[in-house]
Amino acid sequence: METFPKIISVDDHTVEPAHVWRDRLPSKYLDRGPRIVRAPLKEMTFMGGKFAPVMGAKGDDGPIGDWWVYEDLHRPLTRLDTAVGYDRDEIKLEIITYEQMRPGSFSVPDRLADMDVNHVQSALCFPTFPRFCGQTFTEAKDRELGLLGVRAYNDWMVEEWCGPEAHGRLVPLTLIPLWDAELAAAEVRRNAARGVRAVAFSEIPPHLGLPSIHTNEWDPFLRACDETGTVIAMHIGSSSKMPSTSADAPPAVGSTITFANCCFSMVDWLMSGKFERFPNLRIMYAEGQIGWIPYILERADVVWEENRAWGGVADKVHRPPSELFSEHVFGCFFDDAFGLKNLDSIGVGNVLYETDYPHSDSTWPKSREVGEAQMGHLDADVVDRIVRRNAIDLLGLTDDGLWAGPGA
């Protein structure tokens, strides 16, 4: 392409600095709240979609790395958390320290520099230690500490990660206390008041032991999102259950079918009636790719047309699911040539671009080149919508593609 628009990535990641909770929690919680400990690795496996690390004791044999310790949880930093800059054959499941990761993973100035290298103007970032929708705090025993942990993360995200040093180029994505929809609604409104327009949520809440969206349990949260214009962002793996086929299936199986939870989740939402009850609600699927969407919409429309009387949706879904998708759902991709060839069946206005920095799937530092190769058949105005304009409209950014919240 003669010119390629500056990218607004709707799915990147931050690796939280060690001080996030240490600096923000009351002193009485510092010995139980999230903190970094350097310790050896005893063993670590990732099979059948389940990640299972075991921290060794001081003096034990094994590679040394940095661990997040929180109540009884021990979670190491791994090369998969921050893989950019390494040869693909060097990216393995191994424990690392902060010194062994690319500084752009946790440092704002270094992140902006890496964005410049990659033709990226602005980026929305999902968490690492809290996991993709804050499951870590939901699983904790102490709910009071968990709520403080969620709020501390959100304050760091808004005030520091997306603060003055970011110059509006980092777009905030906040968390909610998933265990209480009223508290979740209050946190949405608290952050919306300071300019936040995106909140992380689980693709399939029942996998976390939470109510499904077919109940009314989430209505206070959904109402808050509807009234504040806050988009619900769901990342693959945000149900803590990555797709797999068996307990002994290698990670490559799950990596190939990561879109599956997005697929299941989208059908849930389309058949839930929530979009008709909350007409301003918008949802997006990060890292789910888009090539699978046309068939699901076709099938959902057939089911709604032919089977809604006995299918349990006739009283709450009054329009074809494909129409609801067009108005409420956004698919996100970083490498999906097939999906782009079928864009007419998805909708130009329902597609967003991402780079997945700093994960192993990331197209960094060649996101522009990948985009040019896969979008070369599209008109310039269509490319602009996919790469920039849709994200600007969805996330309430300035016309220049920047976040204009407090301190930006």
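We're numbering straight along the sequence, starting at 1. The figures that follow rest on heavy atoms only: side chains count, while hydrogens, waters and symmetry mates do not.
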Are F201 and F221, when compared by the centres of their aromatic rings, separated by less than 6.0 Å?
yes
Verdict with reasoning, H13 to D11, per side-chain hydrogen bond (donor to acceptor under 3.5 Å, both in side chains):
CA-CA 7 Å; H13 299 265; D11 170 34; 3.2 Å; yes
Should T398 and D400 be marked as a side-chain hydrogen bond (donor to acceptor under 3.5 Å, both in side chains) after you check the CA-CA gap, both sets of side-chain angles, and the distance that decides it?
CA-CA 5 Å; T398 68; D400 294 329; 4.9 Å; no
Of all heavy-atom pairs between T45 and L93, which one has the smallest distance, and what is that distance?
C-CD2, 4.1 Å
For Q121, all residues meeting side-chain contact (heavy atoms from CB on, under 4.5 Å), sequence neighbours excluded:
K6, I8, R388, L402
Heavy-atom check, side chain of C262 versus side chain of W292, under 4.5 Å
yes
So for atom CG, which belongs to D315, do other residues, nucleotides or ligands contribute more than 12 heavy atoms lying within a distance under 6.0 Å?
yes
Heavy atoms only: give me the nearest E327-R319 pair and the separation to one decimal.
OE2-NH2, 2.6 Å
Side-chain H-bond candidate by donor/acceptor type, H119 with E372, under 3.5 Å
no
Do side-chain atoms of E16 reach the backbone of P127 as a donor and acceptor pair under 3.5 angstrom?
no
Give me the atom names and distance for the closest heavy-atom approach of A337 to Q374.
N-OE1, 3.4 Å
For residues 170-181, pull every pair meeting side-chain hydrogen bond (donor to acceptor under 3.5 Å, both in side chains), keeping only residues two or more places apart or in separate chains.
none
For D114, side-chain hydrogen bond (donor to acceptor under 3.5 Å, both in side chains) partners two or more places apart
R102, Y357
Under a 4.0 Å N-O cut-off, is there an ion pair linking D81 with R75?
yes
D31 backbone acceptor or donor facing R35 side chain under 3.5 Å
yes
is_close_aromatic(W21, Y70), centroid dist under 6.0 Å:
no
Which heavy atom of G33 sits nearest to which heavy atom of L25, and what is that distance?
CA-CD1, 3.9 Å
Between E159 and R194, is there a salt bridge with N-O shorter than 4.0 Å?
yes
Taking only Lys NZ, Arg NE, NH1 and NH2, and the carboxylate oxygens of Asp or Glu, determine whether D393 and R389 approach each other closer than 4.0 Å.
yes
NZ of K366: more than 12 outside heavy atoms within 6.0 angstrom?
no
Please test E227 against R189 for side chain to side chain contact (heavy atoms under 4.5 Å, CB included), starting from the C-alpha separation and ending with a verdict.
CA-CA 9 Å; E227 293 175 357; R189 296 184 192 280; 3.0 Å; yes
Are T355 and S367 close enough that a side-chain donor and a side-chain acceptor fall under 3.5 Å?
no
Take I290 and Y285 through the side chain to side chain contact (heavy atoms under 4.5 Å, CB included) test and state the conclusion after the steps.
CA-CA 9 Å; I290 59 174; Y285 288 100; over 6 Å; no
Just jot down the side-chain hydrogen bond (donor to acceptor under 3.5 Å, both in side chains) partners of T97, sequence neighbours excluded, or say none.
E99, Q100
For residues H377 and D379, is any side-chain donor paired with an opposing acceptor at under 3.5 Å?
no
Considering all heavy atoms, the nearest M234-S265 contact:
SD-OG, 4.0 Å
Looking at E187 and R151, is there a salt bridge between them, counting it only when a charged N and a carboxylate O are closer than 4.0 Å?
yes
For N350 against S326, the heavy-atom pair lying closest together
ND2-O, 3.0 Å
Not counting sequence neighbours, which residues clear side-chain hydrogen bond (donor to acceptor under 3.5 Å, both in side chains) with D226? List them please.
none
If you measure from CZ on R22 to CD1 on I36, what distance do you get to the nearest 0.5 Å?
10.0 Å
Under 6.0 Å between ring centres: does that hold for Y353 and F333?
yes
Can you tell me how the ring of F126 sits relative to the ring of F132, calling it parallel under 30°, perpendicular over 60° and tilted otherwise?
perpendicular
Any residue meeting side-chain hydrogen bond (donor to acceptor under 3.5 Å, both in side chains) with T258, in chain and number order, not counting sequence neighbours:
none
